[in-house]
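The structure under discussion appears below in the form of structure tokens.
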Amino acid sequence: DIGIPLLAPSGRGITITDQGRKFAIRAEQLLLDFAALEASARQTPSEHKSLRLGSFEVFTTHFLGPLITDYFPDENLVLHELTPGKMEQAIIDRIVDIGITYLPIPGAGLDFLKVTQIEMGAYARKGAFHKNPLAEIPFAVPVTPTQGAPTKVAGLDGWPEHLFPRNAKYRVTMMESALEIVRNGHAAVYLPAFVAALHNTKIKEPLQLYPLKLDVTIPAQYVQQSVYIVKRQSEVENDVIKRLAKALRIVCRQVK
């Protein structure tokens with residue numbers, strides 16, 4: 001195939017020619033390089049021991065502990081806390097490999113894998129605002145609006161502002177800041193039930209979150225939100241994605 005004699009007859013057998021020996025020395029390194037290239041191409045993110053994850057604070061606050069402890073104890077985690085839209089763009093730009101969201105922003109080249117559902121609710125400190133009508137309840141809400149979502153939700157917390165305008169007394173960038181305001185009895189907050197449950201496992205009883213019974217009925221499509229894992233269409237559904245989906249299904253059921 002290469003135009004030079006590599007082997008020559010020798011009695012009843014064969015021997016390697018001088019040209020063949022020189023060729024073998026070069027070929028050995030080439031074959032090793034090819035094997036390394038093939039192994040690298042087949043390597044999955046779990047084999048790299050690195051999880052490049054993108055999401056926003058609803059999932060990163062209180063969710064990271066059980067995620068790392070129970071499902072990804074050996075991986076190096078690279079976490080980008082991004083708002084919807086920017087998270088999807090980071091996946092397209094290969095800054096992150098996997099995203100978690102319940103406010104999906106469609107984009108070319110992306111797959112949205114529905115993995116579970118979460119229940120949303122209004123929460124406040126025990127005894128705070130539990131008999132007040134919605135119009136009198138101050139809320140701590142995200143500063144960042146959501147743009148490009150297929151629903152009419154305008155805020156990052158998923159509240160249907162177009163149906164029920166709130167008294168947004170406090171506007172914050174970080175969800176943990178909103179939780180601190182709520183813990184001190186100054187406002188209510190709208191968030192997933194599993195976040196409230198995880199929050200309450202770490203907070204003393206007087207500062208825990210309790211669901212509010214509002215005097216309005218929020219439509220079911222805003223109370224029950226689908227949770228998606230976002231990936232590039234070119235990325236195969238590997239073991240990391242399957243483990244992340246399992247973690248979300250289990251953790252998001254914590255609604256005590």
Is there a side-chain contact between [X] and [Y] in this structure, where contact means two heavy atoms from C-beta onward sitting under 4.5 Å apart?
| X | Y | answer |
| --- | --- | --- |
| Gln117 | Gln225 | no |
| Leu53 | Ile100 | yes |
| Leu248 | Phe63 | yes |
| His80 | Lys86 | no |
| Pro138 | Phe129 | yes |
| Leu179 | Leu191 | yes |
| Lys246 | Val115 | no |
| Phe139 | Leu134 | yes |

How far apart are the closest heavy atoms of [X] and [Y], and which atoms are they?
| X | Y | result |
| --- | --- | --- |
| Ile92 | Ala108 | CD1-O, 3.8 Å |
| Pro219 | Phe164 | CD-CE1, 4.0 Å |
| Arg125 | Val182 | CB-O, 3.5 Å |
| Arg232 | Val96 | NH1-O, 3.0 Å |
| Ser55 | Met87 | CA-SD, 3.8 Å |
| Tyr190 | Ile218 | CE1-CD1, 4.2 Å |

Give a yes or no on whether the backbone of [Y] and the side-chain of [X] come within a donor-acceptor separation of less than 3.5 Å.
| X | Y | value |
| --- | --- | --- |
| Glu57 | Met175 | yes |
| Asp157 | Trp159 | yes |
| Ser177 | Val172 | no |
| Gln208 | Ile203 | yes |
| Gln224 | Gln221 | no |
| Glu75 | Leu51 | no |
| Asp93 | Ile95 | no |

Once rounded to the nearest 0.5 Å, what's the spacing between atom [atom1] of [X] and atom [atom2] of [Y]?
| X | Y | atom1 | atom2 | value |
| --- | --- | --- | --- | --- |
| Thr69 | Leu64 | OG1 | CG | 10.0 Å |
| Ile91 | Thr101 | CD1 | OG1 | 9.0 Å |
| Arg253 | Thr116 | CZ | OG1 | 6.0 Å |
| Lys213 | Asn132 | NZ | CG | 15.0 Å |
| Leu6 | Asp18 | CG | CG | 12.0 Å |
| Gln89 | Leu110 | CD | CG | 8.5 Å |

Open item on the list: Please verify the inter-ring angle class for Tyr222 with His162; under 30° counts as parallel, over 60° as perpendicular, anything in between as tilted.
Closed with: perpendicular
- [ ] Classify the angle between the aromatic ring planes of Tyr102 and Phe59 as parallel (below 30°), tilted (30 to 60°) or perpendicular (above 60°).
- [x] perpendicular
Open item on the list: Let's go through Glu119 and Val223 carefully: what are the C-alpha distance in whole Å and the side-chain angles of both, what is the deciding distance for side chain to side chain contact (heavy atoms under 4.5 Å, CB included) to 0.1 Å, and is it a yes or a no?
Closed with: CA-CA 6 Å; Glu119 180 180 339; Val223 176; 4.0 Å; yes
Open item on the list: One pair to check against side chain to side chain contact (heavy atoms under 4.5 Å, CB included): Asn200 and Tyr210. What are the steps and the verdict?
Closed with: CA-CA 9 Å; Asn200 288 348; Tyr210 287 80; 5.9 Å; no
- [ ] Quick one: do His199 and Tyr123 satisfy side chain to side chain contact (heavy atoms under 4.5 Å, CB included)? Show the steps, please.
- [x] CA-CA 12 Å; His199 169 275; Tyr123 290 84; over 6 Å; no
Does [X] share a hydrophobic cluster with [Y], counting links as ILVMFWY side-chain heavy atoms below 4.5 Å and allowing steps through other members?
| X | Y | answer |
| --- | --- | --- |
| Leu212 | Val141 | yes |
| Val189 | Ile137 | yes |
| Val143 | Leu82 | no |
| Leu79 | Val227 | yes |
| Leu207 | Val195 | no |

Open item on the list: Any salt bridge linking Arg166 with Glu161? Criterion: basic side-chain nitrogen under 4.0 Å from a carboxylate oxygen.
Closed with: yes
Task: Pairing of Arg183 and Glu176 as salt bridge, 4.0 angstrom limit - done: yes
Open item on the list: Can you tell me if Glu205 has over 12 outside heavy atoms packed within less than 6.0 Å of its CD?
Closed with: yes
Open item on the list: Taking side-chain contact (heavy atoms from CB on, under 4.5 Å) as the criterion, tell me which of Leu244, Thr60, Leu77, Val251 meets it with Leu67.
Closed with: Leu244
TODO: Given side chain to side chain contact (heavy atoms under 4.5 Å, CB included), test Asp70 with Ile250 step by step and report yes or no.
DONE: CA-CA 11 Å; Asp70 299 330; Ile250 292 175; over 6 Å; no
